[in-house]
Number of protein chains: 2
Amino acid sequence: MRKSEQTRLSIMQTSAQLIYVKGYQSTSIDDILSSMQVTKGAFFYHFKNKEEMALAFIKELMYPGMRMMMVEPLLNSKDPIKTISKQLKDILNNKVHFDMRYGCPMINLIEEMSPLSEAFSNSLKMMTLTWVNAISDCLKRGQANGQLRPDVNTLEVANYMVTGYAGARNMGKIFGIKSYQSFLKQFSFYMESLR
Amino acid sequence: MRKSEQTRLSIMQTSAQLIYVKGYQSTSIDDILSSMQVTKGAFFYHFKNKEEMALAFIKELMYPGMRMMMVEPLLNSKDPIKTISKQLKDILNNKVHFDMRYGCPMINLIEEMSPLSEAFSNSLKMMTLTWVNAISDCLKRGQANGQLRPDVNTLEVANYMVTGYAGARNMGKIFGIKSYQSFLKQFSFYMESLR
DNA sequence: TTTGAAACATACCACTTAGTATGTAATGAG
DNA sequence: CTCATTACATACTAAGTGGTATGTTTCAAA
C-alpha cells in the first residue's frame, strides 16, 4: 500500500509538469507515460480516465500548493496592504514554481478548461475563490485596524487583485519579465490609494 | 478569382469561430471542414497547413478587427481617461463579438499558443502592442492637454490596462459577468487617480 | 469553342489518441 | 507457506489526426 501510492503521486506530478507546459488537451497519456517509468496499465489502474486524473491532481496537489503559497502568507499580517503587495511580487518573481513562458498552472487551466468542462470549472472556481476570500479577509483585518479606508469593498478589491494577477501571467507570456515589473508598480499605486 | 476568395475567407471565419470556442490545438481540420460545405482539397489548396491558416486568419481577420474595435475609438478623444474607461467597459460588455464563457480570442491565443510557437507569439505580440501603443498615445494627448498628471508613465499605464483586460477575460470564464463589473469599478478608481 | 490552369473533391496513409482486454508479478493477511 | 487481492505490464483496438496523391470540375483567356 506504500509503493503504489508513490506511483499514483508520480503520475500526477509528471502530468502536472507536462500540462503546465503543453496544456491539458495536448498532453497525451502516452506523453505522460513515456516521460517516466510507468506503463498504461498502472495509469488506468489508479485513474478511471484522463479527466479524473487531472481533477485528482488539481484537488490533491494544486489546491494544497495554492493554499501554502497564496493563502498562508496572508494570515496574521500586521500591514495588509504591504503584505498583499509583497505577496503578489513574491509570486510573480518566484522562479522555482513558475516559469514566465508558461504562466501560472491555475490560470492556464481556467483559460483552457473552464469553458469545456463543468467539473474543471467548479474545481478551479473553488480554488480561486479560496484565494480571493483569503485576500478579502486579510484586507478586512486591516480595515478593523484602521489601516484601510472603511468604505473599501474588500471582496471587490480582492477580485481585482486576482484579476490583475491572471492578466499579468498572460501578458508575461509575450512580453516577459518587464510586464511583471510594470504591472506591479501600477498595482501598488492602486493599493496605496486604498489607505 | 472571386468565388475562391470567398472560400478562403469562409474557411478562416469558420476556423476562427471554432478556435475561439475550443482552442487552436483541439480544433481539428476535420472539425472545420465538417462544419461547413468545404472539403480537405479546398483547405490545402488555399493554405499550406493548419498553422499557416491560423496565422493568416490572425493577420487578415483578427488584426483588422482589433484595430477597428480597440484602436480607432481612441483616436481624436477629448477626455482620454473617460474614453479609455469607456472603451474597456464597451469591449467587456460587447455580446456580439464576445462570449463571456469563451473570453477574448486574442487573449486565448496568447495563453495557448505563445509558449508553443514563435510565429504565433510574434503575431500576437505585435497585435497586442498595437493596442497598448494606441492607449499610450491617447493618454499622452491627455497629458499634453493637462487632463493627466505629467509624471504618469503612459506606456506603463497602457500595459496595466491591457493586463487588467486579459485578467478580466480569464476571471470572467469562471465568475461570469459579476467579475467584469467588479473589475471595471476598481479599474476606474485607478484611472481617476491619474488625473 | 478549345484548353490549360485554377479550384476544388475523394480516397487514402502513417501516426497518434484514449481506452480496453488480458495477462503476470508483487504483497500482505491468515 | 498460501493464496487472493493489489498493482502493475503488454498488446491491442477503434476512432481521430494532419497531410498527400490523384483525381474531377470550373472558368477565363485565346
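The analysis underlying the following values was restricted to heavy atoms, covering all of them including side chains, and did not include hydrogens, waters or symmetry mates.
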Is any NZ, NE, NH1 or NH2 atom of the basic residue among D79(A) and K86(A) found under 4.0 Å from an Asp or Glu carboxylate oxygen of the other?
->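 Judged by the 4.0 Å cut-off on N to carboxylate O distance, D79(A) and K86(A) do not form a salt bridge.
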Heavy-atom side-chain contact between R169(B) and I91(B) under 4.5 Å = yes
Side chains of I81(B) and Q147(B) in contact at under 4.5 Å (non-hydrogen atoms) = no
Would you classify [X] as touching base, sugar-phosphate or nothing, given that sugar-phosphate means primed atoms plus P, OP1 and OP2, and contacts are heavy atoms under 4.0 Å?
{"X": "T27(A)", "result": "sugar-phosphate"}
{"X": "N49(B)", "result": "sugar-phosphate"}
{"X": "S28(A)", "result": "sugar-phosphate"}

The side chain of [X] lies closest to which of these nucleotides: [options]?
{"X": "K40(A)", "options": "dT10(C), dA11(D), dC8(C)", "answer": "dA11(D)"}
{"X": "T7(A)", "options": "dC8(D), dC8(C), dG18(D)", "answer": "dC8(D)"}
{"X": "F44(A)", "options": "dT20(C), dC8(D), dC8(C)", "answer": "dT20(C)"}
{"X": "S4(B)", "options": "dA9(C), dT10(D), dA7(C)", "answer": "dA7(C)"}
{"X": "Y45(A)", "options": "dC8(C), dA7(D), dT17(C)", "answer": "dA7(D)"}
{"X": "T39(A)", "options": "dT17(D), dG19(D), dC8(D)", "answer": "dC8(D)"}

Between S10(B) and Q6(B), do the side chains contain an N or O donor and an N or O acceptor separated by less than 3.5 Å?
-> yes
Report yes or no: do K140(B) and T154(B) form a side-chain donor-acceptor pair below 3.5 Å?
-> yes
Nearest whole Å is fine: how far is [N] [atom2] from [X] [atom1]?
{"X": "Q6(A)", "N": "dT6(D)", "atom1": "CD", "atom2": "C1'", "result": "17 Å"}
{"X": "K3(B)", "N": "dC8(C)", "atom1": "NZ", "atom2": "C1'", "result": "9 Å"}
{"X": "L18(A)", "N": "dT17(C)", "atom1": "CG", "atom2": "C1'", "result": "16 Å"}
{"X": "E51(B)", "N": "dG18(D)", "atom1": "CD", "atom2": "P", "result": "13 Å"}
{"X": "Q37(A)", "N": "dC8(D)", "atom1": "CD", "atom2": "P", "result": "11 Å"}
{"X": "L33(B)", "N": "dG16(D)", "atom1": "CG", "atom2": "P", "result": "15 Å"}
{"X": "K48(A)", "N": "dT20(C)", "atom1": "NZ", "atom2": "C1'", "result": "15 Å"}
{"X": "I29(B)", "N": "dT10(C)", "atom1": "CD1", "atom2": "C1'", "result": "16 Å"}

Nearest nucleotide by nearest heavy atom, which residue falls closer to the 5' end of DNA chain C, Q25(A) or G41(A)?
-> Q25(A)
Ignoring backbone atoms, establish whether H46(B) has a side-chain N or O less than 4.0 Å from OP1 or OP2 of dC8(C).
->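 Yes, within the criterion.
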